2 protein chains.
Amino acid sequence: MHFDDKIPIYYQIKNHIYHEIITGTLQPGEKLPSVRQLAVDVTANVNTVQRALSEMIAAGIIESKRGRGNFVTMETTKITALKTQLVTTQLAHVYQQLHALNLSDEEILVSVQQYIEQRGQNK
Amino acid sequence: MHFDDKIPIYYQIKNHIYHEIITGTLQPGEKLPSVRQLAVDVTANVNTVQRALSEMIAAGIIESKRGRGNFVTMETTKITALKTQLVTTQLAHVYQQLHALNLSDEEILVSVQQYIEQRGQNK
DNA sequence: TATAGTGTAATAGTAAAATATAACACTAGG
DNA sequence: CCTAGTGTTATATTTTACTATTACACTATA
């Protein structure tokens, strides 16, 4: 797995798994790979994976069953809530950043639109 | 200055000064505060500030004159190029993230629009 | 020419993340 | 009951960013 060296690995692992849950790669109730297997998958240490998992367990997205494995929550409301939370975080961040670069609300919207259009052409 | 503990301080300082240059708080050719003063301003160490400055110097945005101070480049083309580069980076990042959350191009655009609208109301 | 202000760099120490490794606790299945 | 597979935890070590401190190099000016 590719890591951004400006962000803690455990944090990136957490985000990675969250994405898999939200996109349905990991279904509600599904068992995750074992922590040892996950460590191999993402090329990180077991303790680092465990730290990521611990936060997801604390957030109620993952349920841990000792001796059996880690499972995605069956409460789909939690998952949709997670998605909106992540989306909002992203929007707030980019808005704040572009605003700090002196772009008006209108300019922000247009720049997003243009980025998407231009991106469609280069494909 | 407020720091995000998930991102290196020197990196945040660099971004902070870039923003000041782009918004015109720091004009082309203008002298920056001394490294020691900057360290006080942003509540960080001189070496950390210096690391941020070094990268900006390497990027050609800041010119360093030993014994005199650090100065914003007079080449305004470099500054406008920097702005577009920073904006594009932000757009690419948020697009990639939202796309990874399974949002279509259309949904991304709408969500940005809604975020801005809703934000206007809460003010 | 002396001095204050500037950038630059080196050293040593601290803190946090990540690693390697091992051990412990529990579960399921043969 | 034993064993393999699971989560959990602990220890020691390494790495990196950051800090504190000091020293050096250069510039302007009183």
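As the structure is a computational prediction, the values presented were derived from the model and not from experiment. Sequence lines set the chain letters: A, B, ... in the order given, protein chains first and strands last, and positions in each chain run from 1.
Residues A:G69 and A:K31 share a closest heavy-atom pair of CA-CE, 4.2 Å. The two residues B:Q85 and B:T89 have their closest heavy-atom pair at O-OG1, 2.8 Å. The heavy-atom pair separating A:V72 from A:I62 by the smallest distance is CA-CD1, 4.3 Å. Residues B:H99 and B:D105 share a closest heavy-atom pair of CE1-OD1, 3.7 Å. Of all heavy-atom pairs spanning B:S111 and A:L91, the tightest one is O-CD1, 3.6 Å. Across all non-hydrogen atoms, the minimal contact from A:I13 to A:A44 is CD1-CB, 4.1 Å.
In this structure, CG of B:L38 is placed 16 Å from P of C:dG5, rounded to the nearest angstrom.
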- Item | Contact pattern, 5' to 3', of nucleotides 20-30 of chain C - B, S or - by protein heavy atom under 4.0 Å | BB-B-BBSS--
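For the segment residues 4-13 of chain B, residues with any heavy atom less than 4.0 angstrom from an atom of DNA chain D are, sorted by number, B:P8, B:I9, B:Y10. Using a 4.0 Å cut-off on heavy atoms, none of the residues of residues 51-59 of chain A approach DNA chain D.
Residue pairs meeting the side-chain hydrogen bond (donor to acceptor under 3.5 Å, both in side chains) criterion with at least one partner in residues 68-84 of chain B, sequence neighbours excluded, are B:S64-B:N70.
By the criterion of side-chain heavy atoms lying less than 4.5 angstrom apart, applied directly or through intervening Ile, Leu, Val, Met, Phe, Trp or Tyr residues, A:Y11 is not grouped with A:L53; the two fall into different hydrophobic clusters. By the criterion of side-chain heavy atoms lying less than 4.5 angstrom apart, applied directly or through intervening Ile, Leu, Val, Met, Phe, Trp or Tyr residues, B:M1 is grouped together with B:I17 in one hydrophobic cluster. Cluster annotation: A:F71 is not connected to A:I79 through the hydrophobic network of ILVMFWY side chains, with a link wherever side-chain heavy atoms come within less than 4.5 Å.
Partners of A:Y10 according to the ring-ring contact (aromatic ring centres under 6.0 Å, His included) rule, which considers only residues two or more places apart in sequence or in another chain, do not exist here.
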- Stepwise side chain to side chain contact (heavy atoms under 4.5 Å, CB included) check, B:D4 with B:Q12: CA-CA 8 Å; B:D4 179 345; B:Q12 297 181 60; 3.7 Å; yes
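On the nucleic acid side, DNA chain D contacts chain A at distances under 4.0 Å to non-hydrogen atoms, with the end points of that region at D:dG5 to D:dA10.
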